[in-house]
Amino acid sequence: MTSVHDGLGLRTGTVIFMASAAVIAVFVIATIAFTAQVDAVFQTLTGWILENLGWFYVLGVTVFLVFLIYMAVSRFGRVRLGPDDEGPEHSGWAWFGMLFAAGIGTILMFWGVAEPINHLANPPMQDVPPGSPEAFEQAMAFTLYHFGLHTWTIFTLPALCFAYFMYKRNLPPRVSSIFHPLLGDRIHGPLGAVIDVTAIVGTMFGVAVSVGLGTLQINSGLASLFGIEESRLVQILIIAAVSAVAIISVAVGLDRGIKRLSNFNIVVAVGLLCFVVVTGPTLFLLQGTIETAGTYLAWLPELAFWNDTVNDSGWQNGWTVFYWAWTISWSPFVGIFIARISRGRSIRQFIVGVLAVPVTFSVIWFGVFGWGSYDIERNDPGALTGPVVDDGDIPGALFTFLESFPLTTLMSVIAIMLVVVFFTTSVDSAALVMDTIANGHEDPAPTRQRVFWALCVALVAGTLLGATGAGGLQALQEVIIVVGLPFFVMGYVMIYSLVRALKEDAGERRPLRTKRWGRVLPPEEAARRAAEDEPGHPARDDGDPEEKGPLLRKTDSAPRDQVPPRS
């Protein structure tokens, strides 16, 4: 395995890289070759989880949210995610834009119209008439429950843990580092490798679902505008074309690639939002959006614990539980990405920023598009519920919505462009994070590695959409629900590890001072750099060896600076 790794010119964690690639390859091949058998296995597992553990998913996200609120208001909120005298690496605007590069932008575009209209026609609690004002109030409450604080909680908890262990304790940017208070140096061994391989595989599958949804939406938009058929071949070509753009972005790096695309996309998305407000029923949309914010806050306590106990209709399993399992399966990717762009902020700034800013934007986005959809439906019953709900054309919901506004063709083209760029930044940032987890450090690595992960995302999504069609994508969704279960358990471990680490590192006197931890490299990277420092090695130069990074040290050893003892 090492000889293959070195022969390909890679510079990454051999075991983690090769094992992750092998698992992904085996899953794709098995899905194509044995679709029926794979479906049967995962349908059984998914059915059991949904039947018996749906409450665990619902409760888990709410517990995580309460914990984050506690962390923000506690004394630990002053702890800086990095050296105590270091400020934020990115400006607030650039930071906000890159948060949407993590993939939430694609979700907003896909579900902005589709979800409120679905819930309007089929009220989740089944206690109000479909299509009524009461049904719409319930629809907006559930939509924001799905895409508001709870979704961003799933991203924020691991992101906070990654940021602390990466930039305060200087551990490798891997999921296994979060387990350091429990495992110590064993995070560098086989157990740590299993954790990291699971994280990479879960990320790959979760991002593939997002890519699949984005592809379906782009295909639907092209069909609406230019009459291009919605087919497997077209979807494969879309994935190939967008992935090619993503690979270019991967090659130019974070600051020149993802950052610029994200800033561009957020400006265009805000422009589309303003267009709908200005050309639509402006006063109605503004009033409705404000009202929706109040509705969301009023309904949130009930929805946070609602389990569909009385009706037991299965609705929540198909929507909420799937959302939470899907979202948490790729939370390691989003978490490391958010941590990487958030270095230098305090825990309080981090939690408030990552929760409040994107959630506020989501409330505005769903408020405008939700109330716009309701206005269309009440003036022309069936205009949206017919094609979107009755005919099941969820990917085409946004384009059907735009038909009721001026400049339909132009706005549809802009919408497609938005989905493409959100699609691109999702693949781009996912490739960056998966490569970082495999490497175990953030120093420059061969570009071919990030390109490899981007190609894997495209291959998984393309294979499951093109080779097996809906059956393959359905199988992937069922796998996501199964994969999501250990990640929920991991969430509680994250809470314990973070609190334990904070208590170990934090002093009791004000201002709050923390220990300084030396940088840690994975063993294989430390050995590689040690070899390069040997006289006569081709990679050796006359520079200061420290500039290449310190070597691995015992992560359980005493920190450099001790804080004063308690008074």
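Because the structure is a prediction, the values reported are computed rather than measured.
Using a 4.5 Å heavy-atom threshold, the side chains of M204 and C456 count as touching. F488 is not listed as a side-chain neighbour of L53, based on a closest heavy-atom distance of 4.5 Å or more. Residues L144 and V363 meet the side-chain proximity criterion, which asks for heavy atoms closer than 4.5 Å. Within the 4.5 Å cutoff, the side chain of P158 has no heavy atoms near those of the M490 side chain. Side-chain contact between Y164 and L160: absent, with no pair of heavy atoms (C-beta onward) separated by less than 4.5 Å. V388 places none of its side-chain heavy atoms less than 4.5 Å from the side chain of F401. P332 is listed as a side-chain neighbour of F487, based on a closest heavy-atom distance under 4.5 Å. Residues V433 and T203 form no side-chain contact, since every pair of their non-hydrogen atoms from C-beta on lies 4.5 Å or further apart.
A donor-acceptor pair under 3.5 Å is absent between the side-chain atoms of S224 and the main chain of S220, judged by distance alone. With N118 contributing its side chain and A114 its backbone, the two residues share a donor-acceptor pair below 3.5 Å. At least one donor-acceptor pair closer than 3.5 Å links the side chain of K168 to the backbone N or O of G82. When atom types are taken as modelled, the side chain of T62 and the backbone of A304 share a donor-acceptor pair closer than 3.5 angstrom. Under the 3.5 Å distance criterion, the side-chain polar atoms of D196 are matched with a main-chain donor or acceptor of V175. Using a distance-only test at 3.5 Å, with no hydrogens or angles considered, no donor-acceptor pair links the side chain of R343 to the main chain of L81. At least one donor-acceptor pair closer than 3.5 Å links the side chain of R186 to the backbone N or O of L183. With hydrogens and angles disregarded, a donor-acceptor distance shorter than 3.5 Å links the side chain of S329 to the backbone of W326. A donor-acceptor pair is defined here as one N or O able to donate and one able to accept, closer than 3.5 Å; no such pair exists between the side chain of S177 and the backbone of P173. Of the possible polar contacts, none joining the Y57 side chain to the V321 backbone as a donor-acceptor pair under 3.5 Å is found.
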Practice problem: Evaluate the ring-ring contact (aromatic ring centres under 6.0 Å, His included) criterion for residues F17 and W453: first the C-alpha distance (whole Å), next the side-chain angles of each, then the deciding distance (0.1 Å), finally the verdict. | Solution: CA-CA 10 Å; F17 182 92; W453 293 116; 5.3 Å; yes
Quiz prompt | Audit row: F369, L273, side chain to side chain contact (heavy atoms under 4.5 Å, CB included) steps and yes/no | solution = CA-CA 8 Å; F369 282 91; L273 187 73; 3.8 Å; yes
Practice problem: Show the numbers, then the answer: is there a side chain to side chain contact (heavy atoms under 4.5 Å, CB included) between I394 and F110? | Solution: CA-CA 8 Å; I394 292 178; F110 193 89; 3.5 Å; yes
Practice problem: For F56 and I49, run side chain to side chain contact (heavy atoms under 4.5 Å, CB included): C-alpha distance rounded to whole Å, both residues' side-chain angles, the deciding distance at 0.1 Å, then the answer. | Solution: CA-CA 10 Å; F56 181 71; I49 290 174; over 6 Å; no
Practice problem: Kindly indicate, with the supporting measurements, whether the criterion ring-ring contact (aromatic ring centres under 6.0 Å, His included) is fulfilled by Y145 and H150. | Solution: CA-CA 7 Å; Y145 169 51; H150 280 68; 4.9 Å; yes
Practice problem: Go through the steps for W299 and M140 under the test side chain to side chain contact (heavy atoms under 4.5 Å, CB included), then give the verdict. | Solution: CA-CA 10 Å; W299 280 65; M140 292 305 296; over 6 Å; no
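Considering every non-hydrogen atom in both A21 and F452, the closest pair reads CB-CZ, 3.9 Å. Listed here is the closest heavy atom pair of L272 and L418: CD2-CD1, 3.7 Å. Contact detail for V242 and V420: the closest heavy-atom pair is CG1-O, 3.9 Å. Counting all heavy atoms, side chain and backbone alike, I187 lies closest to S176 at CG2-O, 3.2 Å. The minimum heavy-atom distance linking V499 with F67 is given by the pair CG2-CE1, 3.6 Å. Heavy-atom minimum distance, I200 versus S20: CD1-OG, 3.5 Å.
Ring-plane geometry between F155 and W152 is classed as perpendicular, the angle between the planes exceeding 60 degrees on a 0 to 90 degree scale with a lower cut at 30. Classified by interplanar angle (parallel below 30°, tilted 30° to 60°, perpendicular above 60°), the ring pair W306/F142 is perpendicular.
Here CZ of F162 is found 8.0 Å from CE of M166. Values are rounded to the nearest 0.5 Å. The CZ atom of F337 sits 9.0 Å away from the OG atom of S342 when rounded to the nearest 0.5 Å. How far CE of M434 is from CD1 of I24: 6.5 Å, rounded to the nearest 0.5 Å. Atom CG of L300 sits about 5.0 Å away from atom OH of Y296, to the nearest 0.5 Å. The OG1 atom of T156 sits 6.0 Å away from atom CG of L68, with the distance rounded to the nearest 0.5 Å. To the nearest 0.5 Å, atoms CD (E230) and CD1 (I218) are separated by 12.5 Å.
With no hydrogens or angles considered, a side-chain donor-acceptor pair links D308 and S313 at under 3.5 Å. Checked by atom type, the side-chain pair Q449/D435 shows a donor-acceptor distance below 3.5 Å. Side-chain atoms of H146 and T320 include a donor-acceptor pair closer than 3.5 Å. The closest side-chain donor-acceptor pair between E115 and Y323 falls under 3.5 angstrom.
Counting heavy atoms of neighbouring residues, nucleotides and ligands inside a 6.0 Å radius, atom OH of Y70 does not exceed 12 of them.
Considering W111, F366, W315 in turn, W315 is the only one that fulfils the ring-ring contact (aromatic ring centres under 6.0 Å, His included) rule with H119.
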